[in-house]
Student: 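Before anything else, here's the structure in question.
What you see below is based on every heavy atom in this structure, not just the backbone, and it leaves out hydrogens, waters and symmetry mates. All ligand and atom numbering here is 1-based and tracks the order in the structure.
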Amino acid sequence: MTAPADPGGAPFTGTASEHRAHNQAYWDERVALHLASDLYDVDRFRARRDTLRPFEVTEVGDVTGRRLAHPQCHFGLDTLSWAARGAQVSGLDFSPAAIAAARALAAECDLPARFVVADVYDAPAVLGAGAYDIVYTGFGALVWLDDLTRWAAAMAALLTPGGFLYLAEFHPFAGILDETDGRCVTEDYFAGGPRRWESTGSYADARAVTTANITVQRDHTLGEIVSAVAGAGLRVEFLHEHPVTLFARTAALRRGPDRLFRPPAGAPRVPLTYTLRAAKPPL
Ligand SMILES: C[S@@+](CC[C@H](N)C(=O)[O-])C[C@H]1O[C@@H](n2cnc3c(N)ncnc32)[C@H](O)[C@@H]1O
C-alpha cells in the first residue's frame with residue numbers, strides 16, 4: 001500500500017536541519033531501490049564503465065590525471081565514469097548508504113576513487129579547498145539545495161585557480177511544463193521555495209513501496225543559477241541548452257540510439273537540460 005501523493009508542494013516552513021533530515025532519509029532509502037533499477041542499470045555500468053552523456057565528455061575535455069570533485073555523487077556511477085577516463089576522483093554525498101554503495105562499486109570495478117559522507121556546503125573543508133582542477137555536478141543536484149549562493153561559494157572554493165566548475169542539469173523551464181506532451185505551462189517558473197513534497201517510490205521506480213517519503217525541494221530559475229555562479233567569482237565560459245533529457249518526462253519524448261530522450265522529428269523543441277562551464281580565474 002502506498003501513501004497518496006501531495007497535490008502540490010506546499011511552502012516548507014521548517015528549519016534547515018529539518019530540511020536536511022527529510023532529504024537525507026529520503027535519499028538513504030532510495031539507494032537500494034536505485035541500485036536495482038533499470039534506470040541506473042548498474043550491470044551496464046559494470047560492463048562499460050561509462051554513464052556520461054556524449055556532450056559532457058566533449059565539453060569537459062580530457063580528464064587524464066586531473067583532480068575531479070563530484071559533490072552530490074549519489075552512488076558514484078558518473079564519478080566512477082570519470083575515474084575510468086583517467087581522472088583522480090573524489091565523490092561526496094550526505095547519504096551514508098549512497099557512499100557505502102559507491103565505495104563497494106569502486107572496489108568491485110577496481111577503479112581508484114575517494115568517496116566521503118558530507119554535506120555539499122561542507123565540501124571544501126572535507127575534500128580540500130583549492131584542491132581540484134574540475135568540479136563536476138550532475139543531473140538532479142540543485143533542486144535539493146536551498147542556498148545557491150552558499151553552494152556556488154563552496155564549489156568555487158574547491159577549485160584551484162584556472163580550474164572550472166562543470167554543471168549538467170535539468171532545465172528549470174522543462175520542470176514547469178505538463179507531463180503529457182510538455183506543451184502547457186502548469187507551474188510558476190518563479191515559485192521559488194523551499195517546498196515540501198510527499199510521494200512514494202522515486203523517478204527510477206514510481207511504484208516502489210517506501211517509507212521515507214517527504215522531501216524539501218527548491219526550484220531555481222536559470223537566472224538565479226548563473227548569477228550565483230558568477231557571484232562566486234567564476235567566469236562563465238558557456239551555457240548550453242539541450243533539447244534532450246535523461247528520462248521520459250513526457251509521454252511524447254522518444255529515446256534515441258544515444259539513450260537520450262527528445263521530441264519526435266518535426267515537433268517543437270524546448271530546452272530540457274543545460275550545461276554550464278565556469279572557470280576560476282588564474283592567480
Ligand atoms: C538526483 S541525485 C544526484 C544524481 C546523480 N547525478 C545521479 O544520477 O546519480 C541527488 C543526490 O544529492 C544528494 N544530496 C542532496 N542534498 C545534499 C546535501 N545537502 N549534501 C550532500 N548531498 C546531497 C542526495 O543524497 C543524492 O544522492
Side-chain angles (χ1 to χ4, degrees), residues 12 14-42 44-45 50-53 56 60 68-83 89-103 105-106 113 115-127 135-155 158 166-170 175 193-194 197 199 201-205 210 212 214-220 245-247 249 259-260 273-275:
F12 176 73
T15 63
S17 64
E18 286 164 344
H19 176 151
R20 187 194 142 106
H22 282 308
N23 288 348
Q24 191 187 322
Y26 174 91
W27 279 109
D28 277 338
E29 193 185 25
R30 277 17 180 218
V31 171
L33 196 67
H34 289 184
L35 282 168
S37 69
D38 290 343
L39 184 80
Y40 279 93
D41 201 349
V42 176
R44 188 172 192 275
F45 174 79
D50 192 18
T51 51
L52 299 167
R53 280 51 60 177
E56 293 180 290
V60 170
L68 183 149
H70 181 187
Q72 296 178 255
C73 66
H74 205 24
F75 50 86
L77 293 189
D78 291 345
T79 329
L80 292 172
S81 299
W82 290 119
V89 301
S90 298
L92 173 149
D93 201 285
F94 73 174
S95 162
I99 292 301
R103 287 177 182 151
L105 207 52
F115 286 104
V116 299
V117 178
D119 196 284
V120 66
Y121 299 121
D122 299 330
V126 176
L127 294 181
V135 173
Y136 167 80
T137 292
F139 298 93
L142 296 190
V143 77
W144 303 100
L145 308 180
D146 194 30
D147 190 341
L148 276 195
T149 302
R150 204 170 152 212
W151 165 79
M155 300 303 100
L158 285 170
Y166 181 82
L167 173 63
E169 259 294 6
F170 298 113
W197 299 88
S199 60
S202 87
Y203 53 83
D205 183 353
T210 50
I214 297 173
T215 58
V216 182
Q217 301 181 42
R218 183 185 192 112
D219 294 320
H220 306 281
T245 190
L246 273 50
F247 66 102
R249 73 164 307 282
R259 298 173 63 81
L260 297 172
T273 52
Y274 71 91
T275 49

Student: Check whether the side chains of N23 and T215 place a donor and an acceptor atom closer than 3.5 Å, and report yes or no.
Tutor: no
Student: Can you tell me which residue and heavy atom of the protein come closest to atom 10 (C) of ligand 1, and the distance to 0.1 Å?
Tutor: G140 O, 3.5 Å
Student: Say whether Y26 and ligand 1 are in contact under the criterion: heavy-atom distance to a ligand atom below 4.0 Å.
Tutor: no
Student: For D93, is the nearest heavy atom under 4.0 Å from an atom of ligand 1?
Tutor: yes
Student: Fit a plane to each ring of Y136 and H70, take the angle between them on a 0 to 90° scale, and name the class: parallel (under 30°), tilted (30 to 60°) or perpendicular (over 60°).
Tutor: perpendicular
Student: Do the rings of F247 and F170 sit parallel, tilted or perpendicular, given the 30° and 60° boundaries?
Tutor: perpendicular
Student: Is there a heavy atom of L77 sitting under 4.0 angstrom from any atom of ligand 1?
Tutor: no
Student: Looking at ligand 1, would P71 count as a contact under a 4.0 Å heavy-atom criterion?
Tutor: no
Student: Pull out every atom of ligand 1 sitting under 4.0 Å from any heavy atom of Y203, numbered as shown with elements.
Tutor: 1 (C)
Student: Mind checking whether V120 has an N or O less than 3.5 Å away from an N or O of ligand 1?
Tutor: yes
Student: Taking both backbone and side-chain atoms of F94, is any N or O found less than 3.5 Å from an N or O belonging to ligand 1?
Tutor: yes
Student: Between H74 and ligand 1, does any nitrogen or oxygen pair lie at a separation below 3.5 Å?
Tutor: yes
Student: Any carboxylate oxygen within less than 4.0 angstrom of a Lys/Arg side-chain nitrogen, looking at R53 and D78?
Tutor: yes
Student: Are any non-hydrogen side-chain atoms of Y40 and L35 less than 4.5 angstrom apart?
Tutor: no
Student: Just to be sure I'm reading this right: ignoring hydrogens, which of F75, Y136, F139 gets closest to atom 5 (C) of ligand 1? Compare them by their nearest heavy atoms.
Tutor: F139
Student: Please list, in number order, the atoms of ligand 1 under 4.0 Å from a heavy atom of G138.
Tutor: 6 (N)
Student: Strictly under 4.0 Å, does any heavy atom of Y121 approach an atom of ligand 1?
Tutor: no
Student: Can you report which non-hydrogen protein atom sits closest to atom 7 (C) of ligand 1, along with the distance?
Tutor: Y40 OH, 3.6 Å
Student: Which value, rounded to the nearest 0.5 Å, describes the distance between L142 atom CG and W151 atom CH2?
Tutor: 5.0 Å
